[in-house]
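Presented below is the structure to which this report refers.
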Amino acid sequence: MNLRRRVHAQSSIPTASMADIAMLLLIFFMSTSIIRSREAVSVRLPGAIAGEKIRPEEMIRITVDPAGAVAFNDARVPIRRVGALLAEKLAAQPALGISLHADARTPYAIVASVIEQLEEAQVARVTLATMRRASP
Amino acid sequence: MKIARRRSSAPSISLVSTSDVAFLLLIFFLSTSALSVERGLLLDLPRPGEPLTVLSPDRLATLDVGADAVVRLDGVELPVSRVRSGIAERLQRTPGLVVRLRIDPGAPYAAFVAVLDQVKLAGARQLSLETGSAT
């Protein structure tokens, strides 16, 4: 009897679409990532549980470090100029929100003086930026 | 004489390395981008010229944050983690409760945020911010 040799099919993973997947992922990362410029004032934010999400692209960012150095949209400004700059910016774009990024170690008096200037600039709502903290 | 016909090859761009380039770029973006989700506590500020409201003491809960970050609710010292339950209890008794938050100018900002966080978690909607010390 003539027995035929069984042909073993070679197992292989098709890799033809790898390049397409890579390209799709690349396009996703390129379109979703925001290139962040170097911060003028670096801060360590306080932790909170009740925080809500901020959309940074719709916000004016005010940063305050423990020594009282203030940055307005990542450009250093004297603390007494915050109100005037804010009023100027809001006159051009009234829909912009304000996010206050103050360092956890900053004495409250410095933060209070910034909040006072926000009130004078007729800001209705401010978001105090926090780090997400797990509930105790 | 027999002259061989010159074969003209079709011009083409080699695409073999496209996937390698795409992967390299992908690795670059994956390693350099950090997923940053910013969060914050919303605070409604009073409008300039808004009339002042006189509050009766029975509708008021006073929270003091000292320069040493010690927290007192109506003069009674308590840990920050207990502020939430303390305010929630008061809110149950007095539904329209106003939380008066008095912060020492020297208190660290983190202490203020921690107390504000607890007040928000307790469900208090009306807040009065004041800079000063209890004594």
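Order of the sequence lines sets the chain letters (A, B, ...), proteins ahead of strands, with each chain counted from 1.
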Within one Ile-Leu-Val-Met-Phe-Trp-Tyr cluster: [X] and [Y], side-chain cutoff 4.5 Å:
X	Y	answer
A:Val43	A:Ile62	no
A:Ile110	A:Val123	yes
A:Ile54	A:Ile60	no
B:Leu129	B:Leu121	no
B:Phe23	A:Ile27	no

With a 4.5 angstrom heavy-atom cut-off, which part of A:Asp20 approaches chain B: side chain, backbone, both or neither?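 Contact with chain B: none, neither part.
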Which portion of A:Val126 sits near chain B, non-hydrogen atoms under 4.5 angstrom: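 For A:Val126, heavy atoms of backbone and side chain both lie under 4.5 Å from chain B.
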Using only non-hydrogen atoms and a strict under-4.5 angstrom cutoff, which residues of residues 105-114 of chain B touch chain A?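 The residues closer than 4.5 Å to chain A, in numerical order, are B:Pro105, B:Ala107, B:Pro108, B:Tyr109, B:Ala110, B:Phe112, B:Val113.
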Selection from [options] maximising heavy-atom pairs under 4.5 Å formed with chain B:
options	value
A:Ala129, A:Ala124, A:Gly97	A:Ala124
A:Ala112, A:Gly47, A:Ser113, A:Ala22	A:Ala22
A:Glu52, A:Met131, A:Arg44	A:Glu52

Approximate separation, where rounding is to 0.5 Å, of [X] [atom1] and [Y] [atom2]:
X	Y	atom1	atom2	result
A:Phe29	B:Ile27	CZ	CD1	11.5 Å
A:Ile98	B:Leu45	CD1	CG	9.5 Å
B:Leu43	A:Leu100	CG	CG	9.5 Å
B:Asp117	A:Leu128	CG	CG	11.0 Å
A:Ser99	B:Leu42	OG	CG	11.0 Å
B:Phe28	A:Leu26	CZ	CG	10.5 Å

Using only non-hydrogen atoms and a strict under-4.5 angstrom cutoff, which residues of residues 63-71 of chain A touch chain B?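 Expected list: none.
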Which atom names give the shortest non-hydrogen contact between A:Gly51 and B:Arg39, and what distance separates them?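 Closest approach of A:Gly51 to B:Arg39, heavy atoms only: O-NH2, 2.6 Å.
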Check the pair B:Glu38, A:His101 against side-chain contact (heavy atoms from CB on, under 4.5 Å), reporting the backbone distance first and the verdict last. CA-CA 10 Å; B:Glu38 294 190 353; A:His101 297 247; 3.6 Å; yes
Pick one of side chain, backbone, both or neither for B:Leu116, based on which atoms fall under 4.5 Å of a heavy atom in chain A.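 For B:Leu116, the side chain is the part near chain A, not the backbone.
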